[in-house]
Amino acid sequence: MEPTSLSGLPSGVGEALEAEGVADLYPPQAEAVGAGLLEGENLVAAVPTASGKTLIAELAMLSAIERGGTALYIVPLRALASEKRAEFERFEEFGVTVGVSTGNYDSDGEWLATRDVIVATSEKVDSLIRNGAPWIDDLSCVVSDEVHLVNDRSRGPTLEVTLAKLRRINEGLQTVALSATVGNAREIADWLDAALVDSDWRPIDLRIGVHANGTIDFDDGSRTEVPVGDPPTDDQTAALVDDALGTVEDGQGGSSLVFVNSRRNAESAAGDLAAVTRRHLEESERAELDALAEEIRSGSETDTGETLADAVESGAAFHHAGLTSAHRELVEDAFRDRLIKCICATPTLAAGVNTPARRVIVRDWRRYDGEFGGMKPLDVLEVHQMCGRAGRPGLDPYGEAVLLANSAERSEELFDRYVWADAEPVRSKLAAEPALRTHVLATVATGFASTRDGLFEFLTNTLYAEQADDDHHLRSVTDGVVEYLVANDFLERDRDGDRDAIAATSIGHTVSRLYLDPMSAAELIDGLRAASGGSGTDTDDATTAADRGDGVQYAPNEDSAEKTQDFVTYGRVDGNDGREEADSEAPDGRPELTPLGLYHLVSRTPDMYELYLKSGDEKRYTQTYHEREDELLGPAPSEYEEVRFDDWLASLKTARLLEDWATEVDEDRIAERYQVGPGDVRGKVDTAEWLLRAAETLGREIGLPDDAVAAVRDARKRVEYGVREELLDLAGVREVGRKRARRLYEAGIESRSDLRTAEKATVLGALRGRERTAETILENAGREDPSMDDVRPDASAAAAATAGTAGNDGEGGNGQSNLGDFR
DNA sequence: GATTCTCGGCTATAGACAGCATGTC
DNA sequence: CTATAGCCGAGAATC
């Protein structure tokens with residue numbers, strides 16, 4: 001089937017596709033068209049990665065637009081949103097406009113309502129529905145990419161519920177779901193009332209094999225000898241990477257992607273493989289790689305950045321979530337440009353943006369899982385996704401994916417477990433409590449249900465209902481969740497005879513719109529109330545606490561993997577305990593609201609990803625806890641309740657990280673002190689900022705005194721800018737961050753108004769003589785005459801600025817570190 | 001005597017969405 | 001917690 005023969009597309013699109021090289025539709029694409037894709041029919045396409053899924057989506061969206069409609073494309077990751085936007089923008093010449101909406105990025109500030117195609121993450125779509133975005137009920141086509149992720153424990157339910165809501169709001173909505181090949185694609189199609197295209201077809205062949213004893217055995221029966229040699233090719237991975245680079249004759253070498261199971265392994269393997277890739281570099285590449293390494297080093301002066309730069313110089317790299325997003329992008333781009341020959345990655349890369357490789361090596365097939373209690377084999381689906389990254393379109397005749405085995409027996413096991421095996425079926429995880437907590441509240445708050453029965457009726461639109469034999473489990477968990485939400489004043493229930501009405505309270509609406517987990521909101525509200533005991537919300541508080549006292553019990557959850565949530569306190573503990581803090585009360589009788597206290601509060605909500613307690617941390621933070629107990633909000637768990645107390649300490653560790661950031665400790669110091677990557681620091685800071693903003697809104701809503709709300713705002717701003725209190729004003733000026741603010745301050749410029757009146761020489765000196773920067777900053781501060789012409793930097797200001805920022809580690813020096821060298 | 005090998009003990013363990021209002025060195 | 005691999009240092013084996 002030729003693209004030009006398709007009807008229902010904007011004119012010229014068929015020809016344009018042909019010009020791109022789409023001579024014939026791939027078989028699955030043709031099948032999709034046959035199933036009515038261009039006439040608005042629902043479709044589930046379960047096909048391998050890189051076999052033309054995107055074109056299926058594009059055809060559906062373009063035909064919908066041609067009929068005068070608009071389309072929504074749902075992606076699982078923010079990084080994929082921008083990738084898809086770039087792809088779709090090639091249709092702009094046919095008048096198709098594209099917009100992106102994710103948490104950290106909204107398209108051009110233009111109204112999304114005017115766009116023909118909107119790309120968004122599932123959470124963002126959910127949030128847009130909750131906040132009543134005007135265009136959300138005016139869609140004619142929705143595409144859900146990677147729909148098999150409804151299987152994901154934490155984020156799957158959101159996708160599932162969001163699709164159900166979109167389909168309910170939009171009459172006649174065309175639903176197109178793209179999935180990896182899974183065991184039960186039929187079931188997903190039934191759920192979405194869709195035709196099914198289920199195919200293993202690939203445009204580029206993929207051979208999957210296992211390497212053992214110097215030989216790769218492939219699934220098609222072929223064998224390739226890849227002997228393990230002398231250093232640096234003295235282990236399986238190195239030999240395979242070396243082999244891929246050596247055997248491809250296109251002069252560019254075959255790149256490899258190595259999947260490992262931990263960040264540390266990724267980093268150490270990249271270091272080892274650097275010795276291999278180095279041997280295959282050409283002179284010109286070395287120079288480019290040096291430049292790239294330099295760029296990496298300049299981006300973030302951390303250990304991680306340094307290690308990465310070292311590997312990159314030799315043409316290897318690692319990739320994991322501890323990298324800053326800038327570093328990640330540099331690595332991905334250089335790999336696509338074939339400059340970097342080998343990436344060692346954690347599974348971030350398998351699910352992320354498109355990074356095809358000649359050879360994929362799945363080195364580790366087990367990963368530590370705390371809930372499982374040990375090393376758990378990866379899902380078949382996950383391994384298949386990794387393998388699917390093999391084969392670069394237009395470059396490779398076929399892709400190779402190789403699993404590593406250390407013996408013939410292990411090799412056989414891997415063949416059975418992964419090579420011959422079908423992917424697991426996708427199972428809805430909606431009945432898990434944390435998911436229902438959030439979605440029951442949102443469903444009621446957004447008006448999808450106003451009675452208990454209505455709630456269950458809505459839930460029958462989900463995959464869960466499609467899959468469940470009976471809905472008893474879902475009903476009992478839902479009832480428990482409703483009780484929890486009522487006990488925390490997020491929902492109101494009005495039972496009168498046959499009526500069983502449920503409505504969201506005002507605070508419930510707020511929580512839903514803020515996109516908070518209700519449990520986080522409850523934790524925040526309790527913490528804030530504990531710190532402002534005298535406020536007029538006391539009676540309310542007492543009632544709720546009493547309700548809780550009766551014991552809101554949950555039906556035991558059959559899902560054993562719910563474990564992590566089990567020990568989290570449900571709701572609040574008696575509000576009075578929080579006010580019994582002995583010696584920490586402000587003169588008016590309530591505990592002080594310090595930044596640390598607030599950071600700890602947001603860190604212990606389920607919306608904040610936990611930091612591990614490493615060896616020695618337990619001791620360290622128990623001490624910190626005793627020293628600063630007064631600042632923490634609400635009652636601490638007893639030290640004898642080990643699990644909950646450890647959680648409390650882990651939150652305290654996170655809080656200390658945030659406090660360090662807000663007292664201008666350097667990023668690399670923090671990364672080292674808490675043994676996290678620079679990307680993790682940014683992540684924590686971002687999340688804290690978000691939660692503190694939510695806390696501010698909630699605080700106002702529950703009638704917190706103004707000074708308390710102000711304290712929350714200050715703590716939030718200090719995290720946002722990463723500065724001490726005295727720099728808040730300066731850091732609010734555009735182009736002035738934590739570093740520049742401190743330099744200016746040390747040079748005697750302490751506020752925005754100082755910037756307007758200060759000697760220009762002083763400003764310039766503090767900013768290291770950068771005229772353009774200084775001019776921009778003065779302008780942003782509202783100065784009349786920002787020009788720096790003929791101004792000479794003041795040397796003493798420069799000296800003061802440098803003295804104030806040098807070697808800031810938050811504590812005094814590091815005199816200890818040399819003792820070990822003594823011997 | 002210096003280098004390599006081996007073994008036992010210790011340690012650490014993947015990922016990343018959202019709000020809101022504009023901008024790092 | 002139902003585990004395991006990497007790393008490090010100490011002592012043994014080897015040159």
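Because the structure is a prediction, the values reported are computed rather than measured.
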Distance between the P atoms of dA5(C) and dA14(B), in whole angstroms? 15 Å
Min side-chain heavy-atom separation Tyr515(A)-Arg130(A) under 4.5 Å: yes
Measure from CZ on Arg742(A) to P on dT24(B) and round the result to the nearest Å. 17 Å
How many whole angstroms separate atom CZ of Arg743(A) from atom P of dC25(B)? 8 Å
In this structure, how many angstroms lie between the C1' atom of dT24(B) and the CD atom of Glu720(A), rounded? 13 Å
Polar contact flag, side-chain donor to acceptor under 3.5 angstrom, Asp145(A)-Tyr73(A): yes
Send over the distance from Arg716(A) CZ to dC20(B) P, rounded to a whole Å. 12 Å
For the CD atom of Glu720(A) and the CH2 atom of Trp690(A), what is their distance to the nearest 0.5 Å? 15.5 Å
Taking CZ in Arg770(A) as the centre, count heavy atoms belonging to other residues, nucleotides or ligands within less than 6.0 Å. Is the count above 12? no
Do Asp617(A) and Ser615(A) have a side chain donor and acceptor closer than 3.5 Å? no
The contact string for nucleotides 12-17 of chain B, one letter per nucleotide 5' to 3', using protein heavy atoms under 4.0 Å with B, S and - for base, sugar-phosphate only and none, comes out as SBBBBS
Taking OH from Tyr721(A) and C1' from dC20(B), how many angstroms apart are they, rounded to a whole number? 12 Å
Could you tell me the separation between the CZ atom of Phe318(A) and the P atom of dG6(C), rounded to a whole number of Å? 17 Å
Would Arg669(A) pass as a cation-pi partner of Trp661(A), given that its NZ or CZ must be under 6.0 Å from the six-membered ring centre and within 45 degrees of the axis? no
By the 4.0 Å heavy-atom rule, please label Arg740(A) as base, sugar-phosphate, or nothing. base
Specify the separation, in whole Å, of atom CG of Asn406(A) and atom C1' of dG6(C). 15 Å
Please, what dot-bracket string fits DNA chain B when only Watson-Crick and G-U pairs with both distances under 3.5 Å count, crossing ones use [ ] and pairs to another strand use |? |||||||||||||............
Does the Glu332(A) side chain pair with the main chain of Thr355(A), one donor and one acceptor, at a distance under 3.5 Å? no
Mind checking if Arg363(A) touches a base, just sugar-phosphate, or nothing, with heavy atoms under 4.0 Å? sugar-phosphate
Rounding to an integer number of Å, can you tell me how far Leu767(A) CG sits from dT24(B) P? 14 Å
Tell me if the CD atom of Glu306(A) is crowded by more than 12 foreign heavy atoms within 6.0 Å. yes
Angle between ring planes, Tyr418(A) versus Trp365(A), binned at 30° and 60°: parallel, tilted or perpendicular? perpendicular
